[in-house]
Amino acid sequence: MNKIIFILSLTLSLVCHAKTINDSLYIAAPINRIVLDDCDACGCAAGNGSSGFESLLNPQFIGIKYFAQHYKAKENLFVKDLTQDQYFNTLQIWGKIPLTQKLSVYASLPFHFHEKNTMQGDIKINGIGDLNLMGIYRIINSKDNFHQLNGGLGVKIPLGKFDEKGASGVNPSFQLGTGSWDYQAALNYKFQKNKLAVLVNTDYTVKTENKKNYRFGNQWNYAATGFYQLAGNEKTIFSAKAGLQGEVYDKNKQFDEVLPKTAGSALYGKFGFEASYKKFSLGGELMLPAYSNLAGGEIEAKSRFSVFINFGI
C-alpha cells in the first residue's frame, strides 16, 4: 500500500457495571475462547467487505482493529486493463458485553480512510462510518462442549456519509457509509476438541433505500476457519488459523431501477494467528483471492489484511 499508518496512542474508556460470567460464547478449554464477531470493518464501506464472524479471545472486551483492502478497477471505459488502485482502510473500536448466560451485545464504530489512484490524481475520503449493533444468542451448546451454535440479529445505523456522486463511479462502494438502515442475521457453528477447533459462519445483510433513493444490493457472507493451538499455558495461548471466506453481492438499485455491473462475488483463502496473555489478546490475518468477479469484471479483488488488539474487561 502507498501509506502505512501507525497508531501511536489511543485512549479508550468504558464504564459499565456487570459481573464476570461465562457468557454464551465463552469456552473454558485449552484452545482459544472462540466467540462471534459482527461484520465489523465494512471494508468496502458500503459493500461490507469483512465477512461474518471471527474468533476473539475474551468473553468481555473492548478493543481496536485495523482492516485494509486492495482492489484494482477499470479506470478508462475504452481500455480493458484494470489500472486504478483502490485502497479501503478501516480503524474501528469494538466491544462485546454479556447480558445473561446466553445473550450478549456486540457493537463496533469504524473510522474509514479510503484512497483511489486515478489519471486525474488521487482521490481520498475519510470519516466516521456506520455504527453496528448486534445481539448474539446461544442456541445450542452440547454437554461435552464439542458443539455450539450461536445466532445473531443486528442493525447498522447510518452515521457514515453517503456521496451520491461517488456512487456513479466504477466502484459505488467507495463510500464512508450506505446512508441507509441495514439489517443482518447470522449463524455461527463451532466444533472444538482438545487443541483443534473449526468455525463455520454465515450471515446475510438486507440493505434498504437511503434518502438519495439509492439501495446497495443485499449481501451474503460465508466462511469456514480451522484453528490449532500451537502453544499454551495458564496465562498464554498461541494458535494458528486458516480457511476460506466468500461473499456474494446482489445488484444495486436507484429509484427501483437495477444498475448494471454492480453485482458480483469473491472467494478468499486466509491464514493468520491469535495469541493471548492474561487479559490482552492479539490477532492478525492475511486474505488472498482465489476467485474474483466483481462489477462485471471491472473490479478485481487483490488482498486484505487485518490486525486487532483487545483488552478483557
J.: Got Asn310 and Phe280 here, is their nearest side-chain heavy-atom distance under 4.5 Å?
T.: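 No, side chains not in contact.
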J.: Evaluate the side chain to side chain donor-acceptor pair (under 3.5 Å) criterion for residues Asn89 and Tyr66: first the C-alpha distance (whole Å), next the side-chain angles of each, then the deciding distance (0.1 Å), finally the verdict.
T.: CA-CA 7 Å; Asn89 303 277; Tyr66 172 71; 2.8 Å; yes
J.: side-chain hydrogen bond (donor to acceptor under 3.5 Å, both in side chains) with Asp163: which residues, sequence neighbours excluded?
T.: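 Not a single residue meets the side-chain hydrogen bond (donor to acceptor under 3.5 Å, both in side chains) criterion with Asp163.
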J.: Could you go through Glu164 and Gln254, starting from their C-alpha distance and side-chain angles, then the distance that decides it, and tell me whether this counts as side chain to side chain donor-acceptor pair (under 3.5 Å)?
T.: CA-CA 10 Å; Glu164 186 178 10; Gln254 190 166 28; 3.1 Å; yes
J.: Heavy atoms, side chains only, cut-off 4.5 Å: are Gln86 and Asn171 in contact?
T.: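 Side-chain contact under 4.5 Å: yes.
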J.: Minimum heavy-atom separation for Phe273 and Leu282, please, with both atom names.
T.: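 Looks like CE1-O, 4.0 Å.
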J.: Could you tell me whether the side chain of Thr90 reaches within less than 4.5 Å of the side chain of His114, counting heavy atoms only?
T.: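 Heavy-atom side-chain distance check passes, below 4.5 Å.
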J.: Return the set of residues passing side-chain hydrogen bond (donor to acceptor under 3.5 Å, both in side chains) with Ser292 (not counting sequence neighbours), or none when no residue passes.
T.: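 Checked Ser292 against side-chain hydrogen bond (donor to acceptor under 3.5 Å, both in side chains); zero matches.
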J.: Are side-chain N/O atoms of Asp203 and Asn221 paired as donor and acceptor at under 3.5 Å?
T.: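 Asn221 and Asp203 do have a side-chain donor-acceptor pair below 3.5 Å.
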J.: When you group the ILVMFWY residues by side-chain heavy-atom contacts below 4.5 Å and let the links chain together, are Leu82 and Ile123 in the same group?
T.: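 Per the 4.5 Å side-chain linkage, Ile123 and Leu82 are not co-clustered.
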J.: So which heavy atom on Phe67 is nearest to which on Ser306, and how close?
T.: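 Closest heavy-atom pair between Phe67 and Ser306: CD1-CB, 3.5 Å.
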J.: Determine whether Arg304 and Gln245 satisfy the following criterion, side-chain contact (heavy atoms from CB on, under 4.5 Å), listing intermediate values before the conclusion.
T.: CA-CA 12 Å; Arg304 294 179 179 177; Gln245 176 173 307; 3.7 Å; yes
J.: Are Leu153 and Tyr204 co-members of a hydrophobic cluster defined by side-chain heavy atoms under 4.5 Å apart?
T.: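 No, no single cluster joins them.
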J.: Mind checking what makes side-chain contact (heavy atoms from CB on, under 4.5 Å) contact with Leu109, not counting sequence neighbours?
T.: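 So Leu109 forms a side-chain contact (heavy atoms from CB on, under 4.5 Å) with Ile128, Leu131, Leu159.
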J.: Check whether any side-chain heavy atom of Trp94 sits under 4.5 Å from a side-chain heavy atom of Ile62, and report yes or no.
T.: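 They are not in contact (no side-chain heavy atoms under 4.5 Å apart), so the answer is no.
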J.: I want to check a possible cation-pi pair here: Lys116 against Phe174, using under 6.0 Å from ring centre and within 45° of the ring axis as the test.
T.: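 Checked: cation-pi criterion met.
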J.: What residues, two or more places apart in sequence or in another chain, satisfy ring pair (Phe, Tyr, Trp, His ring centres under 6.0 Å) together with Trp220?
T.: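 By the ring pair (Phe, Tyr, Trp, His ring centres under 6.0 Å) rule, Trp220 matches Tyr222.
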J.: What are the two closest heavy atoms between Ala186 and Met134, and how far apart are they?
T.: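 Residues Ala186 and Met134, closest heavy atoms: CB-CE, 4.3 Å.
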J.: Ignoring hydrogens and angles, state whether a donor on the side chain of Ser303 or His70 is under 3.5 Å from an acceptor on the partner side chain.
T.: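 Judged by distance alone, the side chains do not pair up.
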J.: Shortest non-hydrogen contact from Asp130 to Pro110?
T.: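 In this case the closest contact between Asp130 and Pro110 is O-CD, 3.1 Å.
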J.: Going by side-chain hydrogen bond (donor to acceptor under 3.5 Å, both in side chains), name the residues that satisfy it together with Glu300, two or more places apart in sequence or in a different chain.
T.: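 Glu300 satisfies side-chain hydrogen bond (donor to acceptor under 3.5 Å, both in side chains) with no other residue.
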J.: Does any part of the side chain of Phe271, heavy atoms only, come nearer than 4.5 Å to the side chain of Glu285, both counted from C-beta?
T.: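 No, too far: nothing below the 4.5 Å cut-off.
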J.: Quick one: are the ring centres of Phe88 and Tyr71 less than 6.0 Å apart?
T.: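 When the ring centroids of Phe88 and Tyr71 are compared, they turn out to be within the sub-6.0 Å range.
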J.: What residues form a side-chain contact (heavy atoms from CB on, under 4.5 Å) with Thr236, not counting sequence neighbours?
T.: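 Scan of Thr236 (side-chain contact (heavy atoms from CB on, under 4.5 Å), adjacent residues dropped) gives Asn233, Tyr277.
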J.: Please walk me through it: do Leu187 and Ile139 pass side-chain contact (heavy atoms from CB on, under 4.5 Å)?
T.: CA-CA 10 Å; Leu187 283 175; Ile139 302 172; 4.1 Å; yes
J.: Judged by modelled atom types alone, do Lys270 and Thr225 share a side-chain donor-acceptor pair under 3.5 Å?
T.: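 Their side chains do contain a donor-acceptor pair, which is all the 3.5 Å distance test asks for.
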J.: Within the 3.5 Å criterion, strictly below it, is a donor on Lys156 or Thr178 matched to an acceptor on the partner's side chain?
T.: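 Checked: Lys156/Thr178 side chains pair up, N/O donor to acceptor below 3.5 Å.
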J.: Test side-chain contact (heavy atoms from CB on, under 4.5 Å) on Asn132 and Ile157 and set out the steps.
T.: CA-CA 6 Å; Asn132 285 274; Ile157 302 171; over 6 Å; no
J.: Ignoring hydrogens, what is the shortest heavy-atom contact between Ala107 and Leu133? Give both atom names and the distance.
T.: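 In this case the closest contact between Ala107 and Leu133 is CB-CD2, 3.5 Å.
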J.: Evaluate side chain to side chain donor-acceptor pair (under 3.5 Å) for Gln148 paired with Asn150, printing each intermediate quantity in order.
T.: CA-CA 7 Å; Gln148 189 177 100; Asn150 300 282; 2.9 Å; yes
J.: Quick one: list whatever passes side-chain contact (heavy atoms from CB on, under 4.5 Å) with Thr208, sequence neighbours left out.
T.: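 side-chain contact (heavy atoms from CB on, under 4.5 Å) check on Thr208 returns Ser180, Trp181, Asp182, Tyr183.
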J.: Can Asn218 and Asp250 be said to form a side chain to side chain donor-acceptor pair (under 3.5 Å), step by step?
T.: CA-CA 5 Å; Asn218 294 345; Asp250 200 358; 5.2 Å; no
J.: Would a line drawn from the ring center of Phe216 to the ring center of Tyr214 be shorter than 6.0 Å?
T.: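 Under 6.0 Å, so yes.
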J.: Tell me, do Pro172 and Asn252 make a side-chain contact under 4.5 Å, heavy atoms counted?
T.: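 In short, these two side chains touch, coming nearer than 4.5 Å.
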J.: Heavy-atom distance under 4.5 Å between the side chains of Glu274 and Ser281, does that happen here?
T.: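 Not in contact.
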J.: Restricting to salt bridge (Lys or Arg N to Asp or Glu O under 4.0 Å), what partner residues turn up for Lys72, sequence neighbours left out?
T.: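 With neighbours one apart ignored, the set is Asp85.
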J.: Taking C-beta and beyond as the side chain, do Leu91 and Phe113 meet within less than 4.5 Å on heavy atoms?
T.: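 Sidechains of Phe113 and Leu91: in contact.
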J.: Tell me, with the steps shown, if Glu75 and Gln120 meet side-chain contact (heavy atoms from CB on, under 4.5 Å).
T.: CA-CA 10 Å; Glu75 183 175 5; Gln120 291 74 34; 4.2 Å; yes
J.: Do we see a donor-acceptor contact under 3.5 Å between the side chains of Asp144 and Ser142?
T.: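 A pair is found: one side chain offers a donor N or O, the other an acceptor, under 3.5 Å apart.
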J.: Output all residues satisfying salt bridge (Lys or Arg N to Asp or Glu O under 4.0 Å) with Lys251, sequence neighbours left out; order by chain, then residue number.
T.: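 By the salt bridge (Lys or Arg N to Asp or Glu O under 4.0 Å) rule, Lys251 matches no residue at all.
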J.: Could you check whether Lys74 and Gln84, counting side-chain N and O atoms only, form a donor-acceptor pair closer than 3.5 Å?
T.: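 Their side chains do not contain a donor-acceptor pair, so the 3.5 Å distance test is not met.
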J.: Taking side-chain contact (heavy atoms from CB on, under 4.5 Å) as the test, write out the residues that go with Glu209, two or more places apart.
T.: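 Result, side-chain contact (heavy atoms from CB on, under 4.5 Å) vs Glu209: Asn213, Arg215, Asp256.
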J.: Ignoring hydrogens, what is the shortest heavy-atom contact between Ser104 and Lys96? Give both atom names and the distance.
T.: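 Shortest heavy-atom separation between Ser104 and Lys96 comes out as OG-NZ, 3.6 Å.
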